[in-house]
Amino acid sequence: MSIPRLALAVLLCGATLAAQPKKEPPPFGGDYPKYWLDVCARCHGVNGNGRDNAGSPLPDNGFDFTDSRKAGRKKDSDWVRITLEGKEKMPAFKGKLTPEQAQKMVTDIIRPFGARH
Ligand code: HEC
């Protein structure tokens, strides 16, 4: 391939990437706290309360996981399902997380947010 054609190919490639919706979540690398911070915290907050570090509500926050009273009424199975299937603004993570990984996310990351309060 000549240099100009290579440059064109690279350009087209970049344009295609840029045109892709930003919504597509990145693949899971096996580190649950990291995935929470990299992917979920954008909407749910680092601490699971749906707020940014300054304490303001995040635009797409869904549920205050630190509200132990409300969280206590939620079933793991529903949380796993919502994580996999999505709900309203919440993206679906099936294809990124297996049901077992989604369960671990609920047990190891999300449940402890409520237990701290
Ligand atoms: C684009 C924003 C966004 C991202 C990213 C996001 N969520 Fe959500 N999530 C929401 C919204 C909004 C809701 C509330 C949906 C509803 O119940 O109406 C929600 C709800 C949930 C619920 C159910 C809470 C309830 O209502 O009982 C769980 C569990 C959950 N998210 C887990 C996660 C996990 C785990 C991740 C990362 C792998 C994640 N979310 C990433 C926006 C997001």
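The figures here come from the full heavy-atom set of this structure, side chains too, leaving out hydrogens, waters and symmetry mates.
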Nearest 0.5 Å, please: how far is [atom2] in [Y] from [atom1] in [X]?
X      : Y     : atom1 : atom2 : value
Gln101 : Thr83 : CD    : OG1   : 12.0 Å
Ile82  : Ser77 : CD1   : OG    : 9.5 Å
Ile110 : Cys40 : CD1   : SG    : 6.5 Å

Locate the shortest heavy-atom distance separating [X] from [Y]; write the atom from each residue and the value.
X      : Y     : result
Gly114 : Ser68 : O-CB, 3.3 Å
Pro26  : Val39 : CG-CG2, 3.5 Å
Arg42  : Leu58 : O-CD1, 3.6 Å
Leu97  : Phe28 : CD2-CG, 3.5 Å
Ala92  : Pro25 : O-CG, 4.3 Å

Could you work out, with side-chain hydrogen bond (donor to acceptor under 3.5 Å, both in side chains) as the rule, every residue matching [X], not counting sequence neighbours?
X     : answer
Lys70 : none
Asn61 : none
Asp76 : Gln103, Arg111

All side-chain contact (heavy atoms from CB on, under 4.5 Å) counterparts of [X], not counting sequence neighbours:
X     : answer
Pro27 : none
Pro59 : none
Asp31 : Pro33, Lys34
Asn49 : Asn47, Arg51, Asp64, Thr66

Test salt bridge (charged side-chain N to carboxylate O under 4.0 Å, His left out) applied to [X] - qualifying residues, sequence neighbours left out:
X      : result
Asp108 : Lys104
Lys74  : none
Lys94  : Glu85

Listed by chain and number, what are the ring-ring contact (aromatic ring centres under 6.0 Å, His included) partners of Phe93, not counting sequence neighbours?
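Here no residue qualifies.
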According to ring-ring contact (aromatic ring centres under 6.0 Å, His included), does anything in residues 40-62 pair up with another residue at least two apart or in another chain? List the pairs.
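Residue pairs with at least one partner in residues 40-62: Trp36-His44, His44-Phe65.
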Hey, are the side chains of Trp79 and Met105 touching, using non-hydrogen atoms and a 4.5 Å cut-off?
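When only atoms from C-beta onward are counted, Met105 and Trp79 do not touch, as no gap falls below 4.5 Å.
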